[in-house]
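See structure below.
The basis for the numbers below is simple: all heavy atoms, side chains too, and nothing from hydrogens, waters or symmetry mates.
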Amino acid sequence: MAWFGPKRIGLALGSGAARGLAHIGVLKVLDAEGLRPDAIAGTSMGALIGAFYAAGIPVDEMERIALEFDVREVTGVSEVALNKGAVLSGVKVQEFLRRYLPATFEELRMPFGCVATDLTRNVPVHFTEGDLIAAVRASVSVPLALLPVRMDDMLLVDGYVCEPVPVQLARQLGGQTIIGVEVCGAGTVGPLPPVGEVGTVKLKDLAAGVRTGNVQRGTSGMDVLSAVSEAFEGRLAKQELRHASVVVSPDVHDLTGFDYGQAAFAIAAGEEAMAAAVPRLRRKARRPAPVT
């Protein structure tokens with residue numbers, strides 16, 4: 001009977017900016033184990049990686065893109081939007097998405113959804129149909145780093161503000177056994193300096209981080225804001241993960257959100273964490289290992 005057969009696997013890929021490159025490692029293991037998800041939901045970087053996978057881009061190609069990624073591809077003088085309230089306008093981010101993704105959800109090869117946050121109402125927004133590029137662009141719109149997206153009567157920012165790990169959306173898309181992948185930051189600042197001010201807020205510090213893609217944790221105002229944001233995100237994620245069947249938490253929490261230079265480390269951490277969770281996933285999804 002179907003009641004006792006294999007369960008559909010839903011994958012909820014969480015927010016985490018550069019830490020979210022660990023999702024590629026998670027997908028590598030799932031593919032290798034013959035446990036491809038039947039539906040994917042993603043928030044922020046999880047939305048981007050999930051959309052790539054749902055579009056049929058091979059995982060090894062995603063890994064190549066991540067390892068060769070130069071943050072200057074999505075930054076530059078023409079992108080700066082400091083006078084509008086963010087470091088970057090997001091135009092190049094949108095161009096990057098158009099280079100790899102189809103225009104609509106309907107062109108994807110599997111059920112996929114992503115999450116953004118509507119600041120006019122302080123509510124999550126689930127995208128599962130229509131304009132894929134606009135939806136993913138909204139989901140990755142980290143406040144201050146990228147300008148929000150205006151859509152209809154909504155002002156949309158990164159989905160981590162409300163649903164860092166979209167477990168329920170993965171279930172709504174048809175998943176029965178849900179893998180929740182959490183890549184939140186540590187919620188800490190760097191070592192305190194022996195003397196001098198801490199906590200001074202300078203938007204140029206964030207701009208430097210976005211442009212270089214390699215930032216150490218410190219005690220500037222932006223570091224303090226990042227730590228508060230990560231702590232908040234982590235607490236929300238824990239609430240959502242209570243509804244997941246299997247929780248995967250790659251050891252990337254000490255990386256900053258702009259540490260794109262650590263792509264190889266993040267991908268390897270995703271592989272290690274998912275490999276450890278495979279036996280539990282097989283039991284929950286009723287997917288026994290092949291007999292050799």
Answer with yes or no whether the hydrophobic clustering places Val247 together with Val26; edges join I, L, V, M, F, W, Y residues whose side-chain heavy atoms lie under 4.5 Å apart. no
Is there a donor-acceptor pair under 3.5 Å between the side chain of Arg99 and the backbone N or O of Glu95? no
Which heavy-atom pair separates Ala41 from Leu173 by the least distance, and what is that distance? CB-CD1, 4.2 Å
With rounding to the nearest 0.5 Å, note down the distance linking CE in Met274 to NZ in Lys28. 14.5 Å
Determine whether a donor-acceptor pair (N or O, by modelled atom type, separation under 3.5 Å) exists between the side chain of Arg286 and the backbone of Gly5. yes
ILVMFWY cluster, Met151 and Leu48 together (side-chain gap under 4.5 Å): yes
In terms of hydrophobic clusters joined by side-chain contacts under 4.5 Å, are Leu241 and Val246 together? no
Rounded distance (nearest 0.5 Å) linking atom OG1 of Thr188 with atom CG of Asp254: 6.5 Å
Any idea which heavy atoms bring Tyr160 and Pro143 closest together, and the distance? CE2-CD, 3.9 Å
Main chain of Ala47, side chain of His23: is a donor-acceptor contact present, judged purely on distance under 3.5 Å? no
With the threshold set at 4.0 Å, does a side-chain nitrogen-carboxylate oxygen contact exist between Arg64 and Glu61? yes
Same apolar cluster (I L V M F W Y, side chains within < 4.5 Å links), Leu30/Ile40: yes
Taking Asp118 for its side chain and Leu156 for its backbone only, find out whether a donor-acceptor pair lies under 3.5 Å. no
Flag yes if Leu236 and Val140 sit in one hydrophobic cluster, no otherwise; membership is Ile, Leu, Val, Met, Phe, Trp, Tyr, and two members link when side-chain heavy atoms are under 4.5 Å apart. no
Within 6.0 angstrom of Arg150 CZ, more than 12 heavy atoms from elsewhere: no
Keeping the roles fixed (side chain from Gln176, backbone from Arg8), state whether a donor-acceptor pair exists under 3.5 Å. yes
What's the shortest heavy-atom distance between Gly180 and Ala244, and which atoms? N-CB, 4.0 Å
Please round to the nearest 0.5 Å and tell me the distance separating atom CG of Leu101 and atom CG of Leu132. 5.5 Å
Could you check if a side-chain atom of Arg280 sits within less than 4.5 angstrom of a side-chain atom of Val248, using non-hydrogen atoms only? no
Give the intermediate values and the outcome of side chain to side chain contact (heavy atoms under 4.5 Å, CB included) for residues Val181 and Val165. CA-CA 7 Å; Val181 186; Val165 189; 5.9 Å; no
Check whether any side-chain N or O of Ser245 sits under 3.5 Å from a backbone N or O of Ile178 as a donor-acceptor pair, and report yes or no. yes
Side chain to side chain contact (heavy atoms under 4.5 Å, CB included) evaluation trace for Met62 with Tyr100: CA-CA 10 Å; Met62 284 193 268; Tyr100 295 102; over 6 Å; no
Is there a donor-acceptor pair under 3.5 Å between the side chain of Thr117 and the backbone N or O of Asp158? yes
Quick check: closest heavy atoms across Met110 and Ala39, and the distance to 0.1 Å? CE-N, 3.8 Å
Is there a ring pair (Phe, Tyr, Trp, His ring centres under 6.0 Å) between Phe127 and Phe105 once you walk through the steps? CA-CA 9 Å; Phe127 292 99; Phe105 282 83; 7.2 Å; no
Taking only Lys NZ, Arg NE, NH1 and NH2, and the carboxylate oxygens of Asp or Glu, determine whether Arg137 and Asp131 approach each other closer than 4.0 Å. no
Begin from the C-alpha positions of Leu21 and Gln262 and carry the test side chain to side chain contact (heavy atoms under 4.5 Å, CB included) through to its verdict. CA-CA 9 Å; Leu21 296 176; Gln262 296 293 322; over 6 Å; no
For Asp31, does the CG atom sit with more than 12 other heavy atoms under 6.0 Å from it, leaving out its own atoms? yes
Can you establish whether the number of heavy atoms outside Glu129 located under 6.0 Å from its atom CD is more than 12? no
Less than 4.5 Å apart, any side-chain heavy atom of Pro148 and any of Val157? yes
Set out, in order, the CA-CA distance, both residues' side-chain angles and the distance that settles side chain to side chain contact (heavy atoms under 4.5 Å, CB included) for Leu255 and Val183, then state yes or no. CA-CA 10 Å; Leu255 298 181; Val183 289; over 6 Å; no
Hey, could you give me the CZ/CG distance between Arg19 and Asp259, rounded to the nearest 0.5 Å? 9.0 Å
Distance alone, cut at 3.5 Å: any donor-acceptor contact between the side chains of Glu163 and His126? yes
Taking all heavy atoms of Cys162 and all of Glu240, pick out the closest pair and write down the distance. O-OE2, 4.5 Å
For the pair Thr177 (side chain) and Ile9 (backbone), establish whether a donor and an acceptor sit closer than 3.5 Å, ignoring hydrogens and angles. no
Using 0.5 Å steps for rounding, measure from the CG atom of Leu27 to the CD atom of Glu271. 10.5 Å
With heavy-atom distances below 4.5 Å as the criterion, would you say the side chains of Phe52 and Ile65 are in contact? yes
Is the closest side-chain heavy-atom distance between Glu63 and Val59 below 4.5 Å? no
Identify the residue among Arg109, Arg287, Lys7 that makes a salt bridge (charged side-chain N to carboxylate O under 4.0 Å, His left out) with Asp38. Arg287
Under 3.5 Å, side chain of Glu233 to main-chain N/O of Cys184, donor-acceptor pair present? no
So which heavy atom on Tyr260 is nearest to which on Gly257, and how close? CE1-O, 3.8 Å
Could you tell me whether the side chain of Lys238 reaches within less than 4.5 Å of the side chain of Glu182, counting heavy atoms only? no
CG of Leu169 to SG of Cys114: how many Å apart, nearest 0.5 Å? 8.0 Å
Just wondering, are more than 12 heavy atoms of other shown residues or ligands nearer than 6.0 Å to CD in Gln172? yes
Just by modelled atom types, is the Gly130 backbone N or O under 3.5 Å from a matching donor or acceptor in the Glu106 side chain? yes
